[in-house]
Amino acid sequence: MRASQKDFENAMNQVKLLKKDPGNEAKLKLYTLYKQATEGPCNMPKPGVFDLINKAKWDAWNALGSLPKETASLSSSLESSSQVEPGTDRKSTGYETLMVTSEDSITKIMLNRPTKKNALNVEMYHEIIHALKAASKDDSAITVLTGNGDYYSSGNDLTNFTDIPPGGVEEKAKNGAILLREFVGCFIDFPKPLIAMVNGPAVGISVTLLGLFDAVYASDRATFHTPFSHLGQSPEGCSSYTFPKIMSPAKAIEMLVFGKKLTAGEACAQGLVTEVFPDSTFQKEVWTRLKAFAKLPPNAMRISKEIIRNREKEKLHAVNAEECSVLQGRWLSDECMNAVVNFLSRKSKL
Ligand SMILES: CCCCC/C=C/CC(=O)SCCNC(=O)CCNC(=O)[C@H](O)C(C)(C)COP(=O)(O)OP(=O)(O)OC[C@H]1O[C@@H](n2cnc3c(N)ncnc32)[C@H](O)[C@@H]1OP(=O)(O)O
């Protein structure tokens with residue numbers, strides 16, 4: 001397919017958005033292709049020998065000779081997209097904490113704060129809400145959530161508790177509960193098959209939400225940990241309802257109240273995980289499977305999910321509201337505040 005002038009301009013704009021500098025050589029190549037595509041063969045006077053930067057530009061542009069404008073435009077678009085981080089496409093532009101891509105009828109939402117173990121900060125909650133709403137309306141058949149780096153997610157970013165608004169901690173807790181309710185609500189209402197690819201350890205809310213997914217595939221490196229009592233907090237993500245149903249009330253208590261950490265194999269035996277894969281083949285095997293799922297008739301999948309979920313929707317929203325209200329109270333407790341202070345002052349880690 002021929003790249004249009006618009007595509008070309010988009011590609012040039014993407015270069016400005018790259019997180020990693022593509023390097024001078026690549027930038028010079030793009031510059032000259034851009035000049036060729038917009039102005040034709042080199043028309044600038046040859047700079048003096050000591051004007052090193054402009055000389056390099058002139059040399060590179062001049063070397064393109066009479067390359068047609070259209071060819072330069074096409075090459076430039078291709079050049080720049082190959083510099084973009086793998087798996088990134090135009091759809092991901094604008095997200096700070098996610099990489100969102102669509103390919104083969106699959107929308108992939110990748111948590112992208114690997115240096116913070118993909119902890120969910122306030123921005124990430126908002127961006128996931130946005131990405132899920134967009135995915136529910138796009139032309140993909142299924143949606144996948146996964147993590148970048150060695151963790152799936154370390155759960156709520158504990159520094160979320162540090163930014164206190166003028167209304168004090170009460171206002172902070174109230175706003176947190178409103179955001180959490182909307183966030184979890186998007187998972188309850190998501191209309192297409194939603195699949196978690198748990199690439200590594202999962203903590204807190206990233207675990208509880210799994211009960212709202214339609215399939216959960218895990219690497220054998222993944223672990224599942226909900227240390228709510230340790231943090232002076234209480235379950236969210238509808239887990240107080242979904243976990244006892246999935247794994248029996250006693251097993252749910254072990255996880256949600258006593259903070260027992262499960263291996264991927266244990267989580268699979270208890271029904272939280274659909275299937276476990278060796279880490280070495282995890283990506284390949286799961287993506288092969290997902291691509292096959294995505295070829296199934298999308299309307300049939302959507303309607304089948306709807307009939308399964310609809311029976312539970314009202315209950316799930318009620319549970320979500322109750323959990324958020326209880327948690328709002330927990331965030332104001334000494335138990336919770338001490339746990340957060342301990343983590344932030346590095347006195348405690350999971
Ligand atoms: C709108 C609000 C909704 C709220 C919903 C509530 C949800 C409840 C939960 O999710 S409870 C779970 C909360 N999560 C945790 O308690 C995990 C805390 N993190 C850890 O214990 C450890 O970081 C670890 C075990 C996940 C990983 O340990 P490791 O030694 O491998 O790595 P580091 O600790 O050095 O981590 C690397 C940097 O990442 C920062 N980080 C990791 N997780 C979090 C987090 N959850 N919150 C804040 N920051 C986190 C860590 O501080 C390091 O940062 P640094 O390099 O700047 O020091």
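Order of listing sets the numbers, starting from 1, for every ligand and every atom in it. Residue numbers start at 1 and run along the sequence shown.
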For this session: Check each atom of ligand 1 against the heavy atoms of Gln233 and keep those under 4.0 Å away; list them by number with element.
Result: 8 (C)
For this session: Determine whether any heavy atom of Phe183 lies closer than 4.0 Å to an atom of ligand 1.
Result: no
Exercise. Do the non-hydrogen side-chain atoms of Pro278 and Thr281 ever get within less than 4.5 Å of each other?
Worked result: yes
Exercise. Does ligand 1 have a heavy atom under 4.0 Å from the side chain of Phe161, from its backbone, from both, or from neither?
Worked result: neither
For this session: Check whether the side chains of Asn156 and Asn160 place a donor and an acceptor atom closer than 3.5 Å, and report yes or no.
Result: yes
Problem set entry | Glu123 and Thr97 side chains, donor-acceptor separation under 3.5 Å | no
Problem set entry | Proximity to ligand 1 by part of Ala119, non-hydrogen separation under 4.0 Å | side chain
Exercise. How close does the nearest protein non-hydrogen atom get to atom 25 (C) of ligand 1, and which residue and atom is it?
Worked result: Tyr151 OH, 3.5 Å
For this session: Can you pull out the closest protein heavy atom to atom 31 (O) of ligand 1? Residue, atom name and distance to 0.1 Å, please.
Result: Lys117 CE, 3.6 Å
Exercise. Looking at atom 44 (C) of ligand 1, what's its closest protein heavy atom, distance included?
Worked result: Ser154 OG, 3.4 Å
Exercise. Linking I/L/V/M/F/W/Y whenever any side-chain heavy atoms sit under 4.5 Å apart, do Met110 and Phe277 land together?
Worked result: no
Problem set entry | atom 18 (C) of ligand 1 [closest protein heavy-atom partner, distance rounded to 0.1 Å] | Phe343 CE1, 3.5 Å
Problem set entry | Gly155 neighbourhood, listing ligand 1 atoms whose heavy-atom distance to it stays under 4.0 Å | 10 (O)
Exercise. Are Tyr217 and Phe282 near enough that their ring centres are under 6.0 Å apart?
Worked result: no
Exercise. Less than 3.5 Å between some nitrogen or oxygen of Leu231 and one of ligand 1, yes or no?
Worked result: no
Seminar exercise, completed: For Gly176, the ligand 1 atoms with a heavy-atom partner under 4.0 Å come out as 1 (C)
Problem set entry | Identity and separation of the nearest protein heavy atom to atom 29 (P) of ligand 1 | Lys349 NZ, 3.9 Å
Seminar exercise, completed: If you compare Lys116, Arg113, Arg346 by their heavy atoms, the one closest to atom 41 (N) of ligand 1 turns out to be Lys116
Exercise. Backbone, side chain, both or neither: what part of Thr115 comes under 4.0 angstrom of ligand 1, heavy atoms only?
Worked result: backbone
Exercise. Are the aromatic ring centres of His126 and Phe183 under 6.0 angstrom apart?
Worked result: no
Problem set entry | Of the listed options Asn118, Leu158, Val122, Leu180, closest to atom 47 (N) of ligand 1 (non-hydrogen atoms) | Leu158
Exercise. Does a donor on one side chain sit under 3.5 Å from an acceptor on the other, for Thr107 and Ser140?
Worked result: yes
Problem set entry | Protein heavy-atom partner closest to atom 13 (C) of ligand 1 - residue, atom, separation in Å | Asn156 O, 3.6 Å
Exercise. Is there a donor-acceptor contact under 3.5 Å linking the side chains of Glu312 and Tyr241?
Worked result: yes
Problem set entry | Identity and separation of the nearest protein heavy atom to atom 8 (C) of ligand 1 | Glu236 OE2, 3.3 Å
For this session: Could you tell me which non-hydrogen atom of Lys108 sits nearest to which non-hydrogen atom of Trp287, and how far apart they are?
Result: CD-CZ2, 3.4 Å
Exercise. In terms of hydrophobic clustering (I, L, V, M, F, W, Y; side-chain heavy atoms under 4.5 Å; direct or indirect links), are Leu272 and Val144 co-clustered?
Worked result: no
Exercise. Tell me: protein heavy atom nearest atom 48 (C) of ligand 1, and distance?
Worked result: Asp157 OD1, 3.1 Å
For this session: Could you please spell out the steps behind the side-chain contact (heavy atoms from CB on, under 4.5 Å) verdict for Asn118 and Ser154?
Result: CA-CA 6 Å; Asn118 297 323; Ser154 62; over 6 Å; no
For this session: Return yes or no for this condition: an N or O of Val203 is under 3.5 Å from an N or O of ligand 1.
Result: no
For this session: Indicate, with yes or no, if Ile205 and Met197 share a hydrophobic cluster defined by side-chain heavy-atom contacts under 4.5 Å among Ile, Leu, Val, Met, Phe, Trp and Tyr.
Result: no
Exercise. Can an N or O of Tyr125 be found at a distance shorter than 3.5 Å from an N or O of ligand 1?
Worked result: no
